[in-house]
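Keep in mind that the numbers below use all heavy atoms, side chains included, and drop hydrogens, waters and symmetry copies. Given the structure is predicted, the values throughout are model-derived calculations rather than measurements.
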Amino acid sequence: MIVDDDPRVARIHSQFVARTPGFAVESVVHSGQQAIDAVRTTHPDLALLDIHLPDINGLDLLRRWRAEGVTMGVIVITAAREVDAVRAALAGGAARYLIKPFEYPDLAETLRTFRVQHDAVHSLSSASQGDADRIFGHPAPAGGAPQPLPKGLSVETADLVRDALDDAPELSAAECADRLGISRVSVRRYLEHFVQTGDAKVRLQYGRSGRPVRYYRRR
């Protein structure tokens, strides 16, 4: 379900979702009340939720859903940069907080991560500590087995990206791509995987305009 008060933005996000394998847009709504009604009638697995809605603050809507026992996944998509908003989204169980504007690969990677978690949870009858760690994205303990790569990523390229991180204090996806001769989008997938598994950390650098640059370094 796409929840955004701007029809143009909602249409773009709908197109992004439709391009991502395994996902389909079930409903597009532009207000909090429409979102409440859609959840009751269509029962979506995931909502892309804007904060600034005309009738209900998106974070209040998230709290209401959780209080009512609505367990669908929520990815907060907003221009709001306030730390309090990020904290509230985290407390409400949001799977991710994406700051507008962003590119399709950013959302696609977030959706793929959500699908892995969603499928993992629904495939288990009971969960071990290892299962819980994988679902919540915690790294394996030191000396443990390496994290398996997501579908579409290769061990050989992962090693190249990891080596590039080892050779520099920090790198952006574009800088790493230039060093390796690989597309920036592909490199970004490996770097974000390393962040999720705890092998790397990310730092955002804001310029005077445009979206922030993400810089990665090995832990």
Tell me if a side-chain donor or acceptor on [X] pairs with a main-chain N or O of [Y] at a distance below 3.5 Å.
{"X": "Glu192", "Y": "Arg188", "answer": "no"}
{"X": "Arg112", "Y": "Val116", "answer": "no"}
{"X": "Ser186", "Y": "Ile182", "answer": "no"}
{"X": "Asp106", "Y": "Glu103", "answer": "yes"}

Rounded to the nearest 0.5 Å, what separation is found between the [atom1] atom of [X] and the [atom2] atom of [Y]?
{"X": "Leu46", "Y": "Ile75", "atom1": "CG", "atom2": "CD1", "result": "4.5 Å"}
{"X": "Leu191", "Y": "Tyr215", "atom1": "CG", "atom2": "OH", "result": "12.5 Å"}
{"X": "Arg63", "Y": "Glu68", "atom1": "CZ", "atom2": "CD", "result": "14.0 Å"}

I'd like to know if [X] and [Y] make a salt bridge, using a cut-off of under 4.0 Å between side-chain N and carboxylate O.
{"X": "Arg217", "Y": "Asp199", "answer": "no"}
{"X": "Arg179", "Y": "Glu175", "answer": "no"}
{"X": "Asp60", "Y": "Arg64", "answer": "no"}
{"X": "Lys201", "Y": "Glu170", "answer": "no"}

With sequence neighbours excluded, residues passing side chain to side chain contact (heavy atoms under 4.5 Å, CB included) with Asp55: Ser31, Gln33, Leu53
